[in-house]
Amino acid sequence: MTKKATDIWAYIGWPGFIVAMCQPCKDECKFHLNQALVLNIFASGVALFTAIPFVGWILGSALDIAIFVLWLITFIGACKQEEKETPLLGKINIMNK
């Protein structure tokens with residue numbers, strides 16, 4: 001897969017992230033892999049939070065919309081082959097560069 005395809009695959013949830021991690025060009029794609037990993041972890045945490053009745057449902061719905069907007073910004077950046085940090089979450093670095 002090309003670098004662009006790997007970057008795009010990284011943002012397609014956990015299965016896409018795993019596929020992107022298995023690609024030989026993953027060293028070139030570390031920026032987008034890290035951004036996707038942070039988004040996936042944050043989204044998973046919000047999904048657990050929404051299990052709380054009432055408060056979790058209301059706040060979780062708002063956070064789900066925020067996650068979608070953040071995901072859309074970074075996904076478009078990956079499609080344009082730009083290394084644009086995710087707003088609010090972009091400074092978190094889980095994978096070493």
Side-chain angles (χ1 to χ4, degrees):
M1 239 190 298
T2 65
K3 179 187 178 314
K4 182 178 180 179
T6 303
D7 289 344
I8 291 170
W9 267 98
Y11 291 105
I12 305 179
W14 283 110
F17 178 79
I18 292 168
V19 168
M21 282 296 293
C22 295
Q23 297 306 311
C25 65
K26 71 178 181 189
D27 291 333
E28 301 166 9
C29 305
K30 283 222 176 176
F31 177 82
H32 286 290
L33 287 171
N34 183 67
Q35 298 291 300
L37 179 61
V38 170
L39 276 171
N40 283 333
I41 290 171
F42 188 69
S44 296
V46 169
L48 291 173
F49 181 72
T50 58
I52 301 170
F54 304 114
V55 175
W57 298 337
I58 295 167
L59 191 56
S61 298
L63 288 173
D64 281 340
I65 293 168
I67 289 170
F68 177 72
V69 171
L70 294 175
W71 174 83
L72 192 61
I73 291 168
T74 54
F75 183 76
I76 291 170
C79 291
K80 292 181 178 179
Q81 296 183 346
E82 299 174 347
E83 290 191 357
K84 191 180 205 180
E85 286 187 350
T86 306
L88 305 173
L89 302 174
K91 298 288 183 199
I92 300 171
N93 191 12
I94 297 173
M95 299 176 70
N96 293 330
K97 290 187 178 182

Members sharing Val69's hydrophobic cluster, built from side-chain contacts under 4.5 Å between Ile, Leu, Val, Met, Phe, Trp and Tyr, are Ile73
Applying side chain to side chain contact (heavy atoms under 4.5 Å, CB included), name anything that partners [X], two or more places apart in sequence or on another chain.
X	value
Phe75	Ile8, Tyr11, Trp71, Cys79
Leu70	Leu39, Thr86, Pro87, Leu89
Ile52	Phe49
Val19	Met1, Trp9, Gln23

Straight-line distance of [X] [atom1] to [Y] [atom2], nearest 0.5 Å:
X	Y	atom1	atom2	answer
Phe42	Leu63	CZ	CG	5.5 Å
Leu37	Asn93	CG	CG	10.0 Å
Ile58	Phe54	CD1	CZ	8.5 Å
Gln81	His32	CD	NE2	8.5 Å

Report task. Examine Val38 and Ile18 and state if one hydrophobic cluster contains both, with Ile, Leu, Val, Met, Phe, Trp and Tyr joined whenever side-chain heavy atoms are less than 4.5 Å apart. Result -> no
* What about Phe68 and Leu48, same hydrophobic cluster or not, with Ile/Leu/Val/Met/Phe/Trp/Tyr joined at side-chain heavy-atom distances under 4.5 Å? ->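 No, Phe68 and Leu48 fall in different hydrophobic clusters.
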Handout entry: Working for side chain to side chain contact (heavy atoms under 4.5 Å, CB included), residues Leu33 and Met21
Key = CA-CA 8 Å; Leu33 287 171; Met21 282 296 293; 3.8 Å; yes
Quick test of your reading: applying side chain to side chain donor-acceptor pair (under 3.5 Å), list the pairs with at least one residue in residues 39-63, sequence neighbours left out, ordered by first then second residue.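 Output for this query lists Trp14-Ser44.
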Heavy-atom nearest pair, Ala36 first then Ala10, reads CB-O, 3.1 Å
So the salt bridge (charged side-chain N to carboxylate O under 4.0 Å, His left out) pairs with at least one residue in residues 58-83 (sequence neighbours excluded) are none
Once salt bridge (charged side-chain N to carboxylate O under 4.0 Å, His left out) is applied, do any residues pair with Lys91, and if so which ones, sequence neighbours excluded?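 Here the qualifying residues are Glu85.
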| said: The criterion is salt bridge (charged side-chain N to carboxylate O under 4.0 Å, His left out); which residues satisfy it with Lys3, sequence neighbours excluded? | reply: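 Partners of Lys3 under the salt bridge (charged side-chain N to carboxylate O under 4.0 Å, His left out) test: Asp7.
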